[in-house]
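Heads up: the structure comes next, in structure tokens.
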Amino acid sequence: MIWTSIIVAIILILLIVVLVTRITIQFYFHHQIDNDDQMTVKLSAWFGLLRYTIDVPLISVDTDTASIHVEEKTKMGAGDPSQGKKKEKDFSPKEIWQSFQDTYELVRHVVGMHEIVRRMLARIEVKQLEWHSNIGLGDAAHTGMIVGVGWSIKGGMVGILSDYTVFKAHPVLSITPYFQQAVSQTLIKCMFRFRIGHAMLAGIRIVKYWKGGRPTFKTRPLSVLSKEDKHESM
């Protein structure tokens with residue numbers, strides 16, 4: 001009985017530690033007009049003792065097939081992510097459209113999905129948000145118009161985030177117009193964190209309020225949930 005109580009106590013302590021653990025996500029994206037894009041996502045926990053890095057040094061578009069080509073590098077722990085696992089992916093327009101269809105299918109099968117997402121977002125703390133852009137169309141009038149649209153988009157997106165999440169730092173936004181040349185550059189830096197327990201609670205609510213039977217997901221890994229059980233009953 002003593003050993004059973006000790007084991008149960010250890011399991012409960014580990015469960016509590018996992019539930020209260022904060023995950024910090026750092027997002028970096030740099031876009032230039034010549035498809036020389038760079039994206040990095042870093043996940044960390046326990047003051048950096050646990051780290052996972054996803055580095056995407058190349059994002060390009062195939063003009064013939066309209067598919068997006070991505071080179072991805074992942075690494076556990078600290079160090080240069082270029083030394084981790086490498087793989088290449090191609091996302092066709094059909095696959096991108098199917099991902100939107102799967103999102104709609106998920107929302108359709110969960111009662112109150114908006115409320116579940118809203119509660120999860122309300123637990124997310126935004127620690128940093130920087131969004132800088134250089135825009136130029138080679139014409140002063142057209143550049144002025146696109147800069148105005150850019151400010152509207154940025155202001156609208158920051159407004160939505162501030163309504164649904166908790167900002168711990170003032171967002172830094174900028175748009176630099178280039179009136180005499182064509183320029184398209186964007187730099188985004190973002191850092192936010194949340195507790196694992198809140199994410200698990202959102203997952204439990206999705207399962208609890210699921211309706212409508214088996215879904216028809218098309219993209220991986222969600223398509224696994226759409227497969228029928230092939231085992232025959234005895």
Side chain to side chain contact (heavy atoms under 4.5 Å, CB included) evaluation trace for Phe27 with Ile54: CA-CA 10 Å; Phe27 177 81; Ile54 303 173; over 6 Å; no
For the atom pair [atom1] ([X]) and [atom2] ([Y]), what is the distance rounded to the nearest 0.5 Å?
{"X": "Met113", "Y": "Arg108", "atom1": "CE", "atom2": "CZ", "answer": "13.5 Å"}
{"X": "Phe192", "Y": "Ile23", "atom1": "CZ", "atom2": "CD1", "answer": "11.0 Å"}
{"X": "Phe194", "Y": "Leu121", "atom1": "CZ", "atom2": "CG", "answer": "10.5 Å"}
{"X": "Ile116", "Y": "Ile204", "atom1": "CD1", "atom2": "CD1", "answer": "11.0 Å"}

Judged by atom type as modelled, is there a donor-acceptor pair below 3.5 Å linking the side chain of [X] to the main-chain atoms of [Y]?
{"X": "Lys154", "Y": "Ser174", "value": "yes"}
{"X": "Arg195", "Y": "Val20", "value": "yes"}
{"X": "Thr143", "Y": "Leu137", "value": "yes"}

Derivation of the side chain to side chain contact (heavy atoms under 4.5 Å, CB included) call for Phe29 and Val56: CA-CA 9 Å; Phe29 176 73; Val56 184; over 6 Å; no
Leu173 vs Ile175, side chain to side chain contact (heavy atoms under 4.5 Å, CB included): CA-CA, chis, key distance, verdict: CA-CA 7 Å; Leu173 309 176; Ile175 298 181; over 6 Å; no
Heavy atoms from other residues, nucleotides or ligands near CZ of Arg193 exceed 12 (cutoff 6.0 Å):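 Buried by this count: over 12 neighbours within 6.0 Å.
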CH2 (Trp151) with more than 12 external heavy atoms under 6.0 Å: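 Counting other residues, nucleotides and ligands, CH2 of Trp151 exceeds 12 neighbours.
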Linked, directly or transitively: Ile13 and Val18 (ILVMFWY side chains, under 4.5 Å):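 Shared cluster, no.
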Side-chain heavy atoms of Tyr28 within contact of Leu187, under 4.5 Å: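 In short, these two side chains touch, coming nearer than 4.5 Å.
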